[in-house]
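Notes for the one structure printed next.
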Amino acid sequence: MSDHAAPADKASILRDGIRAAWPICLGYVPIGLAFGVLAQKAGLSPLAIGLMSLLVFAGSSQFIAVAMLGTGAGIAAIVATTFTVNLRHLLMSSAISVYLKGLHRRWLSLFAYGITDESFALNLVRFREGNWDFKRALTVNHVTNAFWVASTVIGGLGGALIPAHAFGIDYALMGMFLCLLVYQLRGRFYVLTGLIAGAAAVILSIAIPGNSYIVMASVIAATAGLLIRRRYPRITRQRGSR
Amino acid sequence: MITVDYLILCLGMGLVTYVPRWAPLFALSQRTLPRWLEEWLDMIPAAILSALILPALVTVGEPRQLTLWNNDLLVAVPVFLFALRTRSLGGTVVLGMALYWLAGKFLG
């Protein structure tokens with residue numbers, strides 16, 4: 001399969017993008033609703049909720065911001081916290097840049113807006129497997145973004161009417177993360193890197209409050225993975241490391 | 001009603017979130033990366049996802065504490081195996097929800 005095998009008409013781009021994106025959307029709805037309900041209780045109007053979702057588009061930092069607003073924190077403190085929580089996108093943006101070479105900078109700037117934990121992992125897998133292109137990836141970004149913004153606003157409008165914890169929907173994001181992780185385990189070497197990251201993240205998350213453990217553990221594990229890959233190239237080449 | 005302060009807050013949050021999403025894409029996609037950096041970046045997805053998943057499964061509360069017996073972790077085992085076997089994202093999400101719902105009903 002080459003990168004250019006996918007048909008280029010708008011309808012098939014949209015269809016492929018939506019087909020790939022729906023599990024992410026399913027995961028966003030309960031979290032978006034929950035965020036909307038919390039934000040509404042903190043005194044934000046549906047319009048204000050939609051504005052934040054549109055401008056920030058990063059779930060966990062939005063939850064933290066609303067909680068901080070509730071405690072009367074200042075703008076600078078909330079913005080600084082948001083920065084540290086969302087710093088992990090630096091790593092994702094770097095990793096996905098490999099597949100967006102030579103693209104016009106205007107398109108890159110648009111694509112950057114939609115990089116989330118979920119869209120990043122999904123698009124990366126699709127790019128790697130082939131039959132995927134920038135436009136399909138951008139569709140995934142924007143469809144999931146639309147679901148996020150809409151579900152947070154709906155949560156703010158009347159999310160309290162929707163029963164919490166219905167149908168195990170709280171687990172949708174975890175289910176998605178687990179499958180996206182499976183896609184990344186393309187050999188024992190990636191399994192090892194994942195294990196190092198997981199162990200480091202657990203230890204760091206208990207030792208250090210906040211969310212800095214995500215970036216720290218990822219950097220530690222990727223570096224350890226690289227060193228091991230360099231040290232034992234033969235073991236790691238056994239199962240398609242590329 | 002949106003106050004000026006709230007608008008500034010959202011713009012500030014948006015800016016500090018957007019820049020880390022944008023800067024590497026902007027800087028790196030225009031050039032050829034050294035081999036070691038490509039290999040390092042190749043490790044990042046497995047690392048980030050593991051770093052997101054594991055603490056969510058085995059810690060609870062704030063400050064976080066270790067917990068090795070909870071529904072999240074219990075459900076994760078069959079869901080992970082299902083994902084390994086089927087590689088279906090939609091199927092995994094739906095199975096995860098179903099099992100988590102059942103676990104909540106029967107295990108409390």
Side-chain angles (χ1 to χ4, degrees), chain A residues 23 26 45 47-48 51-52 55-56 58 65 75 78-79 82-83 86-87 89-91 93-95 97 100-101 103 105 108-109 112 115 117 121 124 167-169 171-172 174-182 184-185 190 193-194 197-198 201-202 205-206 209 214 217-218 221-222 225-226 229, chain B residues 1-2 5-6 8-14 16-18 20-26 28-29 33 36 38-41 43-56 58-59 63-66 72 75-76 79-80 83-84 87-90 92-93 95-101 104:
Chain A
L26 187 62
S45 67
L47 186 66
L51 181 74
M52 185 188 278
L55 287 176
V56 184
I75 292 176
I78 300 177
V79 170
T82 303
F83 178 68
N86 290 333
L87 206 54
H89 295 124
L90 210 58
L91 299 174
S93 174
S94 307
S97 72
L100 298 172
K101 286 221 186 295
L103 216 63
R105 292 191 150 160
L108 290 176
S109 300
I115 296 177
D117 299 338
L124 201 69
F167 312 116
I169 205 143
Y171 209 72
M174 179 53 76
M176 184 156 63
F177 279 152
L178 287 168
C179 190
L180 290 172
L181 174 63
V182 163
Q184 307 302 334
L185 304 178
Y190 297 89
T193 304
V202 169
S205 73
I206 291 170
I214 301 169
S218 302
L226 181 66
R229 189 188 232 177
Chain B
M1 178 64 201
I2 291 172
D5 272 4
Y6 184 75
I8 293 171
L9 172 71
C10 288
L11 286 172
M13 288 176 67
V16 298
T17 304
Y18 182 71
R21 278 172 169 160
W22 169 83
L25 206 56
F26 202 75
L28 299 181
S29 61
L33 302 182
W36 67 265
E38 277 203 23
E39 285 185 6
W40 190 80
L41 291 174
M43 305 281 102
I44 285 293
I48 286 197
L49 286 163
S50 302
L52 287 169
I53 291 171
L54 255 285
V58 304
T59 69
R64 287 175 281 255
Q65 287 181 317
L66 201 62
D72 294 68
V75 169
V79 169
F80 186 73
L84 270 178
R87 303 181 68 78
S88 153
L89 187 58
T92 306
V93 169
L95 179 77
M97 286 165 54
L99 291 182
Y100 194 66
W101 182 65

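In the text below, chain A, chain B and the rest are named by the order of the sequence lines, each starting its count at 1. The analysis underlying the following values was restricted to heavy atoms, covering all of them including side chains, and did not include hydrogens, waters or symmetry mates.
Shown here for A:I115 and B:R21, the closest heavy-atom pair between the two residues is O-NE, 2.7 Å. The two residues A:M174 and B:A56 have their closest heavy-atom pair at CE-CB, 3.6 Å. When all heavy atoms of B:T59 and A:S205 are compared, the closest pair comes out as CG2-OG, 3.9 Å.
Side-chain contact between A:M176 and B:L89: present, with at least one pair of heavy atoms (C-beta onward) separated by less than 4.5 Å. Counting heavy atoms from C-beta on, the side chains of A:Y171 and B:L99 never come closer than 4.5 Å. Annotation: side chain of A:N86 is not in contact with side chain of B:V16 (no heavy-atom distance under 4.5 Å). The shortest side-chain heavy-atom distance between A:V182 and B:T92 does not fall under the 4.5 Å cut-off.
Checked by atom type and distance alone, the side chain of B:S29 never pairs as donor or acceptor with a backbone atom of A:S97 at under 3.5 Å.
Heavy-atom distances place the side chain of B:Y18, and not its backbone, under 4.5 Å from chain A. Residue A:A172 touches chain B through both its backbone and its side chain, counting heavy-atom pairs closer than 4.5 Å. Interface residue A:L124: only side-chain heavy atoms are found under 4.5 Å from chain B. Heavy atoms closer than 4.5 Å to chain A are found in the side chain of B:Y6, but not in its backbone. Proximity to chain A involves both the backbone and the side chain of B:P45, based on heavy atoms less than 4.5 angstrom apart. Looking at A:L91, both its backbone and its side chain come within 4.5 Å of chain B, counting heavy atoms on both sides. Neither the backbone nor the side chain of B:L95 comes within contact range of chain A; no heavy atom of the residue lies under 4.5 Å from a heavy atom of that chain.
Interface summary for chain B: among A:T193, A:I214, A:I206, the most heavy-atom pairs under 4.5 angstrom belong to A:I206. Top candidate by heavy-atom pairs under 4.5 Å with chain B, chosen from A:A58, A:S218, A:A197, A:G175, is A:S218. Between chain B and the options A:P209, A:A65, A:A217, A:G194, the largest number of non-hydrogen pairs under 4.5 Å is found for A:G194.
Taken from CH2 in B:W36 to CZ in A:R229, the straight-line distance is 13.5 Å, to the nearest 0.5 Å.
No side-chain donor-acceptor contact under 3.5 Å links B:W22 and A:S93.
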